[in-house]
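Structure, as structure tokens:
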Amino acid sequence: MKSYERTILFSTDVFEVVSCKWYKGSTSPSHDHNWSRCSVLIQEGEFKETAVLGFKTESHVLGSGHVFSTLPGSIHEITCLSEMGQTLHVYVPRIDKQNANNKFSISTDQIKEKISLKLEGVGVSWQTVSELVNEVEKFSITTNSPQFMNQLFSGIFPHDLYAQEISARRRTTMATVEASPVYSLMEHEVIQALGKTIGWSPDSCEGLSVSGGSAANFMSIHCAKFKMWPESKVQGIHNSKPTMYVSEDAHYSFLKGANALGFGTESVRSVPTTLTKQIDVQALEEMICSDIKKGHSPFYIAATLGTTVYGAFDPLEDLSVVAKKYGLWLHADAAWGAPALFSKKSKHLVRGIQRVDSLTFDAHKFFGSHLTCSFYITQHPKNLFEANDVNGGEYLFHETNSLDRGRLSWQCGRGPDVLSFWTQWKHLGENGMTDAVDRLLSVAEQAAEWIKTQPRLRLLSDASFLNICVEILPPNGASDKQWSKHVRQKMIAENICMVNYSTEKNGTTFLRLIVVHPQIQLSHIQEILTQALSF
Ligand SMILES: Cc1ncc(COP(=O)(O)O)c(C=O)c1O
């Protein structure tokens, strides 16, 4: 098949104009439009245009006279369907090849001096600033790569870049309906849709976007405190000795929350986990009883849905029985595990979800919204309002009949983060969300099966979610608890991949690979682990 012919008509850093001549079946390379907006005019012939937009791929057939535009962050391909074709492309800015290689190991020594603000009083020209920003960008870790498996997010999403652009253009605050009429409506809509997904009845829930899963966990402790001790809003907590319960594998934000909210970190009981890394419900109940006997006041249990390291899901049905028996607030930290709500394959992991009092949902992890876009959602709307509404906001909250969302929040100014997640959900729909989660769950399952066939790879537990925890055994039957950590550092230093590591109770280190990049395949994981075995 004859390939297409590309003629650059004009090229500067700012933009590039390219004319292309096509033959039947010729296909363009998939340009990585991370940074460039490309507009294409079809001058002659019929073409198939395919766009990979995060989790979803769309195709259209377009004829002569059509113009289409790519979204930054998307991957595009066009194929000529006619005998001959002609197109004109404008790239703004020019496609930048510098992002082609993964960068996982970066020293900032060379840029340190340039970043200094020097506090000289006189600014520099915009030209200088933009050159500096371009340079700063080169010192950024490549997070848009299937080889970036270090965090619970990976990839950039065209929806998010688009939403961020609109949010910046229409910069506003979520505090009042008058300042953000449409975004307030949208936030309400997303909260109601999340409530429906959880299984709560329509309009029985409330919530808001918060600045991360940690903040949502904080909010849950705060709301549980208000439920148990409503007077604490005015008087603070004095004589009770409050205690809360999380699994030993829960996120550290519960300790931070206990500290920030004045309970102290000692009030957080770390409940042991079972062999499957789930909270030990019997041990939990024993701890609650023992605390009551000692005169403490248990008020809160947090189940983790998708633990940070192992991806385990605490058993909600059993926990809800304990919570009810002792009159405790049950929160679900689904910062990482929320995709299971949409999944067919892993729906069983969240059985009993409708019984929780509140939930943390991170849209910036699996769902690719901008960092940070999280939601706190509760089935006690009055509680959220009463726990957070205080006097003193009369200068801002004028309308008594419209619920200004700032009254639910402890933030005053708050951006319309919701737009980023709304665009993703609207585009994928329920089915697209399900497909996205279930495809990645299949990749994780296949990877786990493959790992089991490799003599020098030890899988710590069967992948029930998107976390693959695997020990790299040293060569020649040697024993070295630090080997996986050593391999990890080597792979980062050589820009092979960025994966995290953790440590078992006996001190053995292991790799944690997170399967979350929207384009990740089994082969990516096999390649990484094959490299890991070569050290
Ligand atoms: C289970 C869990 N909860 C909460 C958080 C905190 O989320 P964020 O980073 O959005 O504050 C994390 C972060 O990794 C997490 O894994």
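Just follow the structure's listing: the first ligand is 1, and inside any ligand the first atom is 1. Quantities reported herein were computed from a predicted structural model and do not represent experimental measurements.
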Under 3.5 Å side-chain donor-acceptor pair for Thr378 and His380: no

Which of the ligand 1 atoms, numbered from 1, are nearer than 4.0 Å to a heavy atom of Leu152: 14 (O), 16 (O)

More than 12 heavy atoms from other groups under 6.0 Å of NZ on Lys426: no

For Asn217, atoms of ligand 1 separated by under 4.0 Å from a heavy atom: 4 (C)

No-hydrogen, no-angle side-chain donor-acceptor test under 3.5 Å, Asn495 and Ser105: no

Residue portion contacting ligand 1 (non-hydrogen atoms closer than 4.0 Å) for Gln151: neither

For Leu305, the option from Ile353, Leu341, Asp333, Leu349 that meets side chain to side chain contact (heavy atoms under 4.5 Å, CB included): Ile353

Contact atoms of ligand 1, heavy-atom distance to His364 under 4.0 Å: 10 (O)

Protein residue, atom and distance nearest to atom 12 (C) of ligand 1, heavy-atom basis: His251 CD2, 3.3 Å

Stacked cation flag Lys490 on Phe535, 6.0 angstrom / 45 deg: no

Between Thr265 and Asn259, a side-chain donor and acceptor under 3.5 Å: no

Atom 13 (C) of ligand 1 [closest protein heavy-atom partner, distance rounded to 0.1 Å]: Lys365 NZ, 3.1 Å

Under-4.0 Å heavy-atom contact with ligand 1, by part of Thr372 that carries it: neither

Distance-only polar pair, side chains of Ser220 and Tyr300, donor-acceptor under 3.5 Å: yes

Audit row: Tyr376, Ser374, side chain to side chain donor-acceptor pair (under 3.5 Å) steps and yes/no: CA-CA 7 Å; Tyr376 170 77; Ser374 303; over 6 Å; no

Salt bridge present between Asp291 and Arg269 (N-O < 4.0 angstrom): yes

Contact (N/O only, under 3.5 Å) between Trp336 and ligand 1: no

Proximal atoms of ligand 1 relative to Gly212 (non-hydrogen, under 4.0 Å): 10 (O), 11 (O)

Distance from atom 8 (P) of ligand 1 to nearest protein heavy atom, with residue and atom: Gly213 N, 3.4 Å

Proximity of Ser214 to ligand 1 by residue part, where a heavy atom lies under 4.0 Å: both

Thr360 and ligand 1 - part of the residue with a heavy-atom distance under 4.0 Å: neither

Contacting atoms of ligand 1, where contact means under 4.0 angstrom from a heavy atom of Asp362: 7 (O), 8 (P), 10 (O)

Among Lys277, Arg458, Lys481, the one residue meeting salt bridge (charged side-chain N to carboxylate O under 4.0 Å, His left out) with Glu504: Arg458

Where ligand 1 meets Gly306 - atom numbers and elements under 4.0 angstrom, heavy-atom basis: 1 (C)

Residue, atom name and distance, where the atom is the protein heavy atom closest to atom 16 (O) of ligand 1: Thr308 OG1, 2.8 Å

Test item, Asp333 contacting ligand 1 (heavy atom, 4.0 angstrom): yes

